[in-house]
Amino acid sequence: RRSSDLPGKKKGKIAAASVQVPNPLDQTCIHPESYDLAMRFLTLIDGRTSDIGMPEMQNRVNAIIRSEGLEGVAQKLKTTGPTLQLILDGLCQHEGYDIRTEFHKPD
């Protein structure tokens with residue numbers, strides 16, 4: 001019997017090499033609690049996370065908002081208009097967009 005098999009002895013664990021794939025939504029202003037909603041919206045417009053910030057995303061967003069209205073899409077996704085607007089903004093803003101650049105910098 002090996003000593004590692006005795007009660008109270010810890011067995012060595014081999015760390016699994018896990019590679020985390022970055023979530024493209026992490027590069028947006030969308031809050032992680034809204035990622036599920038953002039993904040449901042992307043499914044609704046047949047969009048892909050790789051389209052975030054691209055003209056194609058803006059075109060798809062504009063098309064559904066034109067045809068169904070912001071509140072109509074929000075109801076379909078069981079959310080509010082303001083929450084959906086934040087998600088739309090995050091999906092349409094280019095990579096590296098920083099909202100802080102729009103504010104006055106302290107002297």
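Please read these numbers as outputs of a predicted model, since none were measured by experiment. Reckoned from all heavy atoms, side chains included, excluding hydrogens, waters and symmetry mates.
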Reported CD1-to-CG distance for the pair Ile64 and Leu44, which is rounded to 0.5 angstrom: 3.5 Å
Can you name the closest pair of heavy atoms from Gly90 and Cys29 and give their distance? CA-SG, 3.6 Å
What residues, two or more places apart in sequence or in another chain, satisfy side chain to side chain donor-acceptor pair (under 3.5 Å) together with Gln58? Asn62
Pairwise salt bridge (Lys or Arg N to Asp or Glu O under 4.0 Å) hits with a residue in residues 52-66, at least two apart: Glu56-Arg60
Residue pairs meeting salt bridge (Lys or Arg N to Asp or Glu O under 4.0 Å), one or both in residues 41-53, sequence neighbours left out, come to Arg48-Asp51
I need the minimum non-hydrogen distance between Leu70 and Gly81, along with the two atoms involved. CD2-O, 3.8 Å
With sequence neighbours left out, write down each residue that passes salt bridge (Lys or Arg N to Asp or Glu O under 4.0 Å) with Asp36, or none if nothing qualifies. Arg40
Does any non-hydrogen side-chain atom of Leu91 lie less than 4.5 Å from one of Leu25? yes
What's the spacing between Thr28 OG1 and Gln93 CD if we round to 0.5 Å? 8.0 Å
For residues 72-79, run the donor-acceptor check on the side chains, cut-off 3.5 Å, and write out each pair with its distance to 0.1 Å, sequence neighbours left out.
{"residue": "Lys76", "atom": "NZ", "partner": "Glu68", "partner atom": "OE1", "Å": "2.9"}
{"residue": "Lys76", "atom": "NZ", "partner": "Glu68", "partner atom": "OE2", "Å": "3.3"}

Applying the 4.5 Å side-chain criterion to the ILVMFWY set and letting contacts propagate, would Phe41 and Ile52 be lumped into a single cluster? yes
If you round to the nearest 0.5 Å, how far is CE of Met57 from CG of Leu88? 9.5 Å
To the nearest 0.5 Å, what is the distance between CD1 on Ile30 and CE on Met39? 10.0 Å
So, do Glu71 and Leu84 sit near enough that their side-chain heavy atoms are less than 4.5 Å apart? no
Could you state whether Leu37 and Ile45 fall into the same hydrophobic cluster, counting links through intermediate Ile, Leu, Val, Met, Phe, Trp or Tyr residues with side-chain heavy atoms under 4.5 angstrom apart? yes
If the condition is side chain to side chain donor-acceptor pair (under 3.5 Å), which residues does Thr80 pass it with, not counting sequence neighbours? Thr83
